[in-house]
Amino acid sequence: MFIKIYNALITILYPLVIKRYINKRKENGKEDVKRFNERIGRPRLKRPEGKLIWLHGASVGESVSMLPLIQRILETYSDAHVIVTTGTVTSADVMNKRLPERAFHQFIPIDNPIFTTRFVKYWHPDVALWFESEFWPAMLSSIRRKNIPLILINGRISNKTFKRWQQFDFISKELLSCFTLCLGQSEEDAYRLRVLGAKESLCLGNLKYAGLPLPIDQKAKTEMEQQIDGRPLWLASSTHDDEEVRIAKVHKRLAEKIPGLLTIISPRHPQRGEEISRKINDLGLKTALRSSEQPVTRSTDIYIADTIGEMGLWYDLANIVFIGGSLIPHGGQNFIEPSRVRDAVIVGPYMHNFTDAINRAKKADAVMQINDTTELEELVLQLLQQKELLEAKRSLAYNWAGSEARVLDGIMDKVKGFI
């Protein structure tokens, strides 16, 4: 009943209210105007012949976590194609660069039953794999009406979301009834999905453990190595507002003890690059901005890597990585990617987006968690000064990431049953 009411209201409200909101998104660059037809369920690409497997993720993090599964599907089914949908311009750019042959990207339609029905009818995938926890009622009901198997992959239900959904369990039960199978990131997620109404829910592990190596432009790497010229360095990855200034202050204190130190900051939202640069310059430090093609010179204190699709390069150049989103109550960012590259990984106190993964990594001594910037400064100093300690931490992170990557086999075995 909820989905029917929702679909009716959205159909009425779209021309009156929602369309204005979408137009503002276009003006602010949050919609790809040239490909907006995809957002109303009118694709220009032709549906490929044969099996078509559909994977959907909200944005960059979810879409990147799909890549190893996409690769495995295409290796297993030589006649299959993969369609990947996301909702953000940034994720579309990343996918267009990283998707393999026989896989292609489309924007997810706006959640209006007219648009979602068009999409599902046109592409009619053999199976739909839904990543994490973005549940769109119109789209889910369109998939169910066509009797397409729908599997939730890497399902995540935070404590806050769980409590909220319990207050409206009649809605969660109806939405989750659209899924043929739910695979939680952790046992806790699988339990919460069952409580909220999933017909079948289990945990095979977190697919983010099985990510493919991030791409590295070898020419760009050579250029950066020449500019860095052997200077000691560390990386602050996927940082958020307020964290960059704190990192810069840590750099300032560290530079008094480590001559020639270079700090690389790669912000979670690259469009903030110039703003970050101004704030750090106000501290009396000299920055260089990647997006403006400013080189690293001997006088550069902090290099701001404000570009998309180059994280593999920064993880490769640095042996010590601090994961952003964890000094503030955001909940952290993906700390597994640098572990796979054999980096020593440090996180802050707020990692509740990755509770299960952090607990497993800490048990294996594969990640270092600090409480504040004072502890961060002390730890980075130790790692820069003690080569044996650094090598030990790098090996522990790498070995743990490798042992956890087997989750892909279990998920693929489940997915094969529906293809």
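Computed from a prediction, not measured in an experiment: that's the story for all the values here.
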Quiz item: Are Tyr122 and Arg47 linked by a side-chain donor-acceptor pair shorter than 3.5 Å?
Solution: no

Quiz item: Is the closest side-chain donor-acceptor distance between Ser186 and Asp189 under 3.5 Å?
Solution: yes

Quiz item: Can a donor-acceptor pair be found between the side chains of Trp400 and Ser339 at a distance below 3.5 Å?
Solution: no

Quiz item: What about Phe107 and His105, are their ring centers closer than 6.0 Å?
Solution: yes

Quiz item: Could you give the distance from CG (Leu150) to NE2 (His56), rounded to the nearest 0.5 Å?
Solution: 10.5 Å

Self-check item: is_close_aromatic(Phe168, Phe2), centroid dist under 6.0 Å
Solution: no

Quiz item: Once you round to the nearest 0.5 Å, how far does CD of Glu243 lie from CG of Leu327?
Solution: 5.0 Å

Quiz item: For Thr90 and Thr88, does a side-chain donor sit closer than 3.5 Å to a side-chain acceptor?
Solution: no

Quiz item: Would the Phe119 and Trp54 ring centres measure less than 6.0 Å apart?
Solution: yes

Practice problem: Hey, can you tell me if Phe162 and Tyr191 have their rings parallel, tilted or perpendicular (30° and 60° cut-offs)? | Solution: tilted

Self-check item: Residue Arg231 excluded, over 12 heavy atoms near CZ under 6.0 Å
Solution: yes

Quiz item: Picking from Lys279, Arg278, Arg272, what satisfies salt bridge (Lys or Arg N to Asp or Glu O under 4.0 Å) with Glu244?
Solution: Arg272

Quiz prompt | Polar side chain donor-acceptor pair, Arg342 to Ser395, under 3.5 angstrom | solution = yes

